Amino acid sequence: MVKQHKIAILFSLFIITLIGCENEKNQKIETKKSFANRTIVVLPDQDLLWNSTNGIGVTKRNFVHLSCTETDCNGLAAIEYMSDLSGLIPGKPGNMPDSNYATDNYNDYNYDGQQDNTIHATDFSNHSLRLQSMGYLNSEFGQYPGFAIDVLGGYDGEPIVFNNKNFARTIYNPNELREVGLLFDHWPGPKKDNNNAYIHDIDGYVVFNDGNWCFKKNYRLGNFKDIEGNFWAKLNYFNTNLSGIPNSVYATADFRIAYINEITGETVRKDLLGVIFYTGNNYDLNGNPTDNIYWYDSSPFGGYNSHRLLLRGNMLGTLSTNMIGVNNVIDNSFINIKIQYKALLKKYMPAPPPGFILDDAIIVGFDVYTHVNGYDLEVGLKNVRLIGKNSQEN
């Protein structure tokens, strides 16, 4: 019996060793040097968003509304009904208003171009998620034509359902974008002192903001083998335009990155790669509806050099799974959408700026929203996650 027991212990240790080696193997990737020859740290698999717990996505009512034009958000007040900061997120810095901040003062949540282009309340408390409308007046909230985001759940740890209503069928304007959806922002900074000069560490590199906004950390692409957008969506309603002439109507999940000079603090380039998971027609802004590129633009945007690219999710093979509302048939249930962003960046986005590698890029945003130009569209979203992956597990 003693001998058998000893053999059992040795066998158990052998199995544990095998498992440990396999986990270690899965978590290791090639060590690369980032900008200025800095080492990029490899991180374990994790949800990148603060408002994403237990592997089920957004569960906390911790969001504010922001109304924007196509080029500016300054001075446009939040709609109180679309804002709710009642859900505390453990560990998140500044995620709740202080005791002196009245719950009916959400109109004080404004875009601040002077404070690192961020959104915060007067006490600098920060949201974990933004519900954004673009191209609408606040007076058009809950109206037809108009917009709304119905928020269902979020009280007992269950996933929140966001029904995004973007109704512009009767107010078509070829020069106006109308977009409604969820935005997760990260403003990396870099940090500045009282004299508006960048703060540097003892090695001479700028110091970044870390986890103050919608993301848990200041993540780089090099921290992971891939970044997966993962959420559930469904088509609730669609109505074609009045003219009968096809125009843009889609739902997309956009991933945003920035290349920042870590010595001077200069933002060298900002890129966006979006994957369309619903389109109401065969319209194509790229002029070629048979390829997988819906739209591409390389002109400066928002004051920065930029590449912006929208891809058709149904033409990307294993790098993007599933579409909703195929042939505009209303979905009876939610459909899981998975998008492998880093692999898509490698395959479709132009090379990084001189002196940078792809792994240097800092993640600055993840947006899931609808876009219409003369259509009515409602899309439901839930279980919204952005996942950093180094293991082989799904």
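Basis for what follows: all heavy atoms, side chains included, without hydrogens, waters or symmetry-related copies. All values derive from a computational prediction rather than experimental measurement.
- Across Gly265 and Ile260, no two heavy atoms sit closer than the pair O-CG2, 3.9 Å.
- In this pair, Phe147 and His65 present their aromatic rings parallel. The plane angle is below 30°, not in the 30 to 60° band.
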Trace of the side chain to side chain contact (heavy atoms under 4.5 Å, CB included) decision for Ser248 with Tyr294: CA-CA 10 Å; Ser248 55; Tyr294 184 88; 3.6 Å; yes
Between Ile324 and Ile337, is the side chain to side chain contact (heavy atoms under 4.5 Å, CB included) condition met? List the steps. CA-CA 9 Å; Ile324 67 170; Ile337 310 294; 4.2 Å; yes
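- Residues satisfying the side chain to side chain donor-acceptor pair (under 3.5 Å) criterion with Asn314, sequence neighbours excluded, are absent altogether.
- Once rounded to the nearest 0.5 Å, the distance linking CG of Leu381 with CZ of Phe162 reads 8.5 Å.
- Counting heavy atoms of neighbouring residues, nucleotides and ligands inside a 6.0 Å radius, atom CG of Asn332 does not exceed 12 of them.
- Of the possible donor and acceptor atoms, one in the side chain of Asn383 sits under 3.5 Å from a partner among the backbone N and O of Ile56.
- Contact check on Asp47 versus Arg385 returns a salt bridge, with a Lys/Arg side-chain nitrogen under 4.0 Å from an Asp/Glu carboxylate oxygen.
- Atoms CD and CE, on Gln132 and Met82 in that order, are 9.5 Å from each other to the nearest 0.5 Å.
- Tracing side-chain contacts under 4.5 Å through hydrophobic residues (I, L, V, M, F, W, Y), one reaches Leu344 starting from Ile227; they form part of the same cluster.
- The side-chain heavy atoms of Ile335 and Trp232, taken from C-beta on, include no pair separated by under 4.5 Å.
- By the 4.0 Å N-to-carboxylate-O rule, Arg256 lies close enough to Asp185 to be salt-bridged with it.
- Note on residues 316-329: pairs passing side-chain hydrogen bond (donor to acceptor under 3.5 Å, both in side chains), not counting sequence neighbours, are Tyr278-Asn328.
- Atom OH of residue Tyr341 and atom CG of residue Leu273 lie 7.5 Å apart, to the nearest 0.5 angstrom.
- Residue Leu182 is grouped with residue Ile339 when hydrophobic side chains (ILVMFWY) are merged at heavy-atom distances under 4.5 angstrom, including chains of intermediate members.
- Judged purely by distance below 3.5 Å, without hydrogens or angles, the side chains of Tyr172 and Asn247 pair a donor atom with an acceptor atom.
- Interatomic distance, Phe238 CZ to Thr279 OG1, rounded to the nearest 0.5 Å: 8.5 Å.
- Applying the ring pair (Phe, Tyr, Trp, His ring centres under 6.0 Å) rule to pairs touching residues 318-338 yields nothing, sequence neighbours excluded.
- Summarising the local packing, OH of Tyr144 is surrounded by more than 12 heavy atoms from other residues, nucleotides or ligands at distances under 6.0 Å.
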Determine, step by step, whether Phe208 and Ile362 satisfy the side chain to side chain contact (heavy atoms under 4.5 Å, CB included) criterion, reporting the C-alpha distance in whole Å, the side-chain angles of both residues, the deciding distance to 0.1 Å, and the verdict. CA-CA 10 Å; Phe208 292 104; Ile362 293 173; 3.8 Å; yes
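- Counting heavy atoms from C-beta on, the side chains of Tyr369 and Val180 never come closer than 4.5 Å.
- Scanning all heavy atoms of the two residues, the minimum distance from Asp376 to Ala168 falls at OD1-N, 3.1 Å.
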Return all side-chain donor-acceptor pairs below 3.5 angstrom for residues 148-157, not counting sequence neighbours, or 'none' if the list is empty.
residue : atom : partner : partner atom : Å
Asp150  : OD2  : Lys165  : NZ           : 2.8
Tyr155  : OH   : Arg61   : NE           : 3.3
Tyr155  : OH   : Arg61   : NH2          : 3.3

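- Rounded to the nearest 0.5 angstrom, Leu235 CG and Asp331 CG are separated by 5.5 Å.
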Derivation of the side chain to side chain donor-acceptor pair (under 3.5 Å) call for Tyr259 and Asn305: CA-CA 10 Å; Tyr259 294 94; Asn305 293 324; over 6 Å; no
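- Put simply, Leu358 and Leu309 are part of the same group of oily side chains (I, L, V, M, F, W, Y) that touch within less than 4.5 Å, one to the next.
- Trp50 has its side chain within reach of Lys92: a pair of non-hydrogen atoms, C-beta onward, lies under 4.5 Å apart.
- A side-chain donor-acceptor contact under 3.5 Å links Asn336 and Asn230.
- Residues Val207 and His200 are not in side-chain contact: their nearest non-hydrogen atoms beyond the backbone lie 4.5 Å or more apart.
- Asp359 and Lys342 are joined by a salt bridge, as a carboxylate oxygen and a charged side-chain nitrogen come within less than 4.0 angstrom of each other.
- Under the 30°/60° scheme for interplanar angles, the aromatic rings of Phe184 and Phe366 are found to lie parallel.
- Contact check for Leu386 versus Phe255: side-chain heavy atoms found under the 4.5 Å cut-off.
- For the atom pair CD1 (Ile293) and CG (Leu311), the distance works out to 6.5 Å, reported to the nearest 0.5 Å.
- A distance-only check finds no donor-acceptor pair linking the side chain of Glu266 to the backbone of Thr264 [under 3.5 Å].
- None of Thr370, Asn239, Asn166, Asn281 except one satisfies the side-chain hydrogen bond (donor to acceptor under 3.5 Å, both in side chains) rule with Tyr375; the exception is Asn281.
- Within the cation-pi definition used here (under 6.0 Å to the ring centroid, within 45° of the axis), Lys270 qualifies as a partner of Tyr304.
- In this structure a side-chain-to-backbone donor-acceptor pair under 3.5 Å is missing from Asp360 to Pro352.
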Applying side chain to side chain contact (heavy atoms under 4.5 Å, CB included) to Val64 and Leu66, what does each step give before you reach the verdict? CA-CA 7 Å; Val64 295; Leu66 190 70; 5.8 Å; no
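- Annotation for Gly374 and Asn241: closest pair O-CB, 2.9 Å, computed over non-hydrogen atoms.
- No donor-acceptor pair under 3.5 Å is formed between the side chain of Asn195 and the backbone N or O of Ala197.
- Among residues at least two apart or in separate chains, salt bridge (Lys or Arg N to Asp or Glu O under 4.0 Å) pairs with a member in residues 297-321 are Asp284-Arg312, Asp297-Arg308.
- The main-chain N or O of Asn390 is found under 3.5 Å from a side-chain atom of Asp45 such that the two form a donor-acceptor pair.
- A heavy-atom distance below 4.5 Å is not found between the side chains of Thr290 and Met315.
- Under the 4.5 Å side-chain heavy-atom criterion for Ile, Leu, Val, Met, Phe, Trp and Tyr, Tyr219 and Leu345 are members of the same hydrophobic cluster.
- Close placement of the His371 and Tyr250 rings is indicated, their centers lying within 6.0 Å of each other.
- Under a 4.0 Å N-O distance rule, the pair Arg269/Asp271 qualifies as a salt bridge.
- At least one side-chain heavy atom of Ser298 sits under 4.5 Å from a side-chain heavy atom of Tyr296.
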Passes side chain to side chain donor-acceptor pair (under 3.5 Å), Asp84 versus Asn62? Steps please. CA-CA 6 Å; Asp84 190 340; Asn62 190 289; over 6 Å; no
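- For Asn236, the side chain to side chain donor-acceptor pair (under 3.5 Å) test picks out Asn163, Lys234, Glu378, with sequence neighbours left out.
- Between Ile171 and Glu140 the shortest side-chain heavy-atom distance falls below 4.5 Å.
- Using the six-membered ring where Trp is involved, Phe277 and Phe231 have ring planes that are perpendicular, over 60° apart on the 30 and 60° scheme.
- Cluster membership for Ile257 and Val41, using ILVMFWY side-chain heavy atoms within less than 4.5 angstrom, is shared.
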